[in-house]
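Right, one structure below, let's go through it.
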Amino acid sequence: MYRRSSLFIALFSILFASTFGQQPALEGAFQSLIEEQEIIGLAVVAVKDGRIVYKHNFGMQNREQNIPLNERSIFRIASISKSFSAVTIMQLMEDGKVSLDDDFSKLVGFTVRNPNYPDKIITLRMIMSHTSSVNDSQGYTNLDFINPAKNPNYAKCYSSFAPGEKYDYCNLNYNMVGAVIERLTGERFDMRIKNHILKPLGLYGGYCVDSLDASRFTVLYACDSATGKYIPSTDAYAPRREQLATYQLGYSTPVLSPTGGMKISAEDLCKYMMMHMNNGTSNGIKIMSSKHAQLMRTKITDDESYGLAMRESSDLIPGEVLKGHTGTAYGLYSAMFFEPKKKFGFVVIVSGCRPQEEIDIKLVLRKSMKILYDHIIK
């Protein structure tokens, strides 16, 4: 039984009004969800007809310091971060610097080839769509794990199926993509994302902890399933200063975690989502072509309907097919999903809640998006 107190529930007062004004039914639905899932912090943003129509922060940014969650709060958003790498690859494709069918070994600078299928080329497309046969069994925070010149057990990083044969989600894939981006551009990964995506869109965020205002970091809380206690995940915003001091461009990239290390607010993540919804353009600023924006969200695999750091979901909202991604790490759950033709979408970020079942899109995210759809979109 999880601990609950009147003080815990009282933390979820309204922190700012939505553009819809006060909506007792909507906010009551979220209060019920907060109590049911024992949520520490919840940020939600909804888009309708191509504009933000509702945004709300519930709960705490830092429970120990009694800091309420607010519109300036930023989160480490986990795997939604992968989409920023995919956008960058789309940009580089438009510049003629890379192709999705390129041999990934040539791009990353060491052999990436499944030893069970030595004649089968692993392409950039396979890496980005998680059909590469690369796995995370040895870890994903260092490229040494998969580099044959660095690890005599590198073969364990490959699964038994052939590259391109099936989908198998793998964080190492996108940490390697980040390294490729550095090799192609000569820019450190975080600076490339800042200068070519965040800054043009007017968004505050990034991958390097020390480049950001630490007072805005939302504490992420992992819930111990045995005791029900919430434990702050201090590693979520670890600065990695020692590793950055000896950073090797094009190889040390996992230090910045392209696969999951973006820190950004819910509202700015929503603005980034709207760029995708508008096929690569936002407020007259072109980030990528319409062709490549649509390519990212075109499914490559049927089993998970996954494209290039975007997936398709037809079971989130009855009768709607949404595009987007989720994230899970350090107790956080995040979701960014949109309907590009009808121009609606949602961002939901939970900084801590009771443990979720191992399903692809967590219950707390599904319920949050359904609440937003039922009360705002439908």
- Query: So H130 and Y174, would you call those rings parallel, tilted or perpendicular, with 30° and 60° as cut-offs?
  - Reply: tilted

- Message: Ring centroids only, cut at 6.0 angstrom: are F346 and F337 within range, meaning strictly under it?
- Response: no

- Item | Electrostatic pair R354-E36, nearest N-O below 4.0 angstrom | no

- Message: side chain to side chain donor-acceptor pair (under 3.5 Å) for Q294 and S290? Distances and angles first, verdict last.
- Response: CA-CA 6 Å; Q294 293 178 62; S290 175; 2.8 Å; yes

- Query: Where the side chain of T281 meets the backbone of N278, is there a donor-acceptor pair that is under 3.5 Å apart?
  - Reply: no

- Message: Can you confirm whether the side chains of N135 and K156 place a donor and an acceptor under 3.5 Å from each other?
- Response: no

- Is it the case that K362 places NZ or CZ above or below the six-membered ring of Y333, under 6.0 angstrom from the centre and within 45 degrees of the axis? no

- Task: Look at atom NZ of K263 and say whether more than 12 heavy atoms of other residues, nucleotides or ligands are closer to it than 6.0 Å.
- Result: yes

- pair I146-F110: side-chain heavy atoms closer than 4.5 Å: yes

- Message: For F344, run the side chain to side chain contact (heavy atoms under 4.5 Å, CB included) check against L372, D49, L322, I376 and tell me which one passes.
- Response: L322

- Sidechain N-carboxylate O distance under 4.0 Å for D303, K166: no

- If every non-hydrogen atom of N279 is compared with every non-hydrogen atom of A293, which pair is closest and at what distance? C-CB, 3.5 Å

- Find out whether M310 and F338 are in side-chain contact, i.e. whether some heavy atom of one side chain is under 4.5 Å from a heavy atom of the other. yes

- Query: Just by distance, do the side chain of S79 and the backbone of G260 share a donor-acceptor pair under 3.5 Å?
  - Reply: no

- Task: Search all heavy atoms of L143 against all heavy atoms of A179 and return the closest pair with its distance.
- Result: CD1-CB, 3.8 Å

- Task: With the side chain counted from C-beta on, respond yes when P163 and Y117 share a heavy-atom pair under 4.5 Å apart, and no when they do not.
- Result: yes

- Item | Side-chain H-bond candidate by donor/acceptor type, T218 with Q61, under 3.5 Å | no

- Between the side chains of Y154 and Q138, does any donor sit under 3.5 Å from an acceptor? no

- Any luck finding a side-chain donor-acceptor pair between T123 and D101 under 3.5 Å? no

- Shortest non-hydrogen contact from I181 to S85? CD1-O, 3.7 Å

- Examine distances only and state if a side-chain atom of T301 and a backbone atom of Y167 form a donor-acceptor pair shorter than 3.5 Å. no

- Would one find more than 12 heavy atoms of other residues, nucleotides or ligands at under 6.0 Å from atom NZ of K299? yes

- Query: Going from CE on M60 to CG on L42, what distance comes out if it is rounded to the nearest 0.5 angstrom?
  - Reply: 14.0 Å

- Message: How about NZ on K343, more than 12 heavy atoms from neighbouring residues, nucleotides or ligands closer than 6.0 Å, or not?
- Response: yes

- Roughly how far apart are I193 CD1 and D190 CG, rounded to 0.5 Å? 9.0 Å

- Non-hydrogen side-chain atoms of I361 and L316 separated by less than 4.5 Å: yes

- Query: Are the aromatic rings of F30 and F58 close, with centres under 6.0 Å apart?
  - Reply: yes

- Is it possible for you to say whether F145 and I122 belong to one hydrophobic cluster, with membership spreading through side-chain heavy-atom contacts below 4.5 Å? no

- Could you verify whether a donor N or O on one side chain and an acceptor N or O on the other, from H292 and E94, lie under 3.5 Å apart? yes

- Taking the side chain as every heavy atom from C-beta outward, state whether L100 and L295 have any pair of such atoms under 4.5 Å apart. yes

- Query: Any side-chain donor-acceptor pair under 3.5 Å between Y247 and E182?
  - Reply: yes

- Message: I need the minimum non-hydrogen distance between E339 and M277, along with the two atoms involved.
- Response: O-CG, 4.3 Å

- Between D213 and S215, does any side-chain donor sit less than 3.5 Å from a side-chain acceptor? yes

- Task: Say whether T259 and S257, considering side chains only, have a donor N or O and an acceptor N or O under 3.5 Å apart.
- Result: no

- Would R76 count as a cation-pi partner of Y207, with NZ or CZ less than 6.0 Å from the six-membered ring centre and within 45° of the ring normal? no

- Query: Can you check whether G41's main-chain N or O pairs, donor with acceptor, with S351's side chain at less than 3.5 Å?
  - Reply: yes

- Is the NZ or CZ atom of R63 both under 6.0 Å from the centre of the six-membered ring of Y221 and within 45° of that ring's axis? yes

- Task: Report yes if some heavy atom in the side chain of L269 is under 4.5 Å from a heavy atom in the side chain of I349; otherwise report no.
- Result: yes

- Message: Counting only heavy atoms from other residues, nucleotides and ligands, does the tally under 6.0 Å from CD of E64 exceed 12?
- Response: yes

- Do you know the tightest heavy-atom contact between D224 and A226? OD1-N, 2.8 Å

- Could you state whether L184 and I287 fall into the same hydrophobic cluster, counting links through intermediate Ile, Leu, Val, Met, Phe, Trp or Tyr residues with side-chain heavy atoms under 4.5 angstrom apart? yes

- Task: May I ask whether Y272 and M274 are part of the same hydrophobic cluster, defined by side-chain heavy atoms of I, L, V, M, F, W, Y residues being less than 4.5 angstrom apart, directly or through others?
- Result: yes

- Please name the pair of heavy atoms, one in L124 and one in S99, separated by the smallest distance, quoted to 0.1 Å. CD2-O, 3.7 Å

- Within a radius of less than 6.0 Å around CG of N283, do more than 12 heavy atoms belonging to other residues, nucleotides or ligands occur? no

- Evaluate the criterion side-chain contact (heavy atoms from CB on, under 4.5 Å) for residue pair Y54 and V44; output intermediate values, then yes/no. CA-CA 8 Å; Y54 181 82; V44 296; 3.8 Å; yes

- Query: Taking atom types as modelled and ignoring hydrogens, do the side chains of N147 and Y251 form a donor-acceptor contact shorter than 3.5 angstrom?
  - Reply: yes

- Message: Closer than 4.0 angstrom, basic N to acidic O: yes or no for D374 and K370?
- Response: yes

- Message: So does P254 get a backbone contact from the side chain of N175, meaning a donor-acceptor N/O pair under 3.5 Å?
- Response: no

- Query: Looking at side-chain heavy atoms only, is the closest gap between R113 and D103 below 4.5 Å?
  - Reply: yes

- Hey, are the side chains of L244 and R188 touching, using non-hydrogen atoms and a 4.5 Å cut-off? yes

- Give the cluster check for L201 versus M262: same hydrophobic cluster or not, with ILVMFWY residues linked at side-chain heavy-atom distances below 4.5 Å. yes

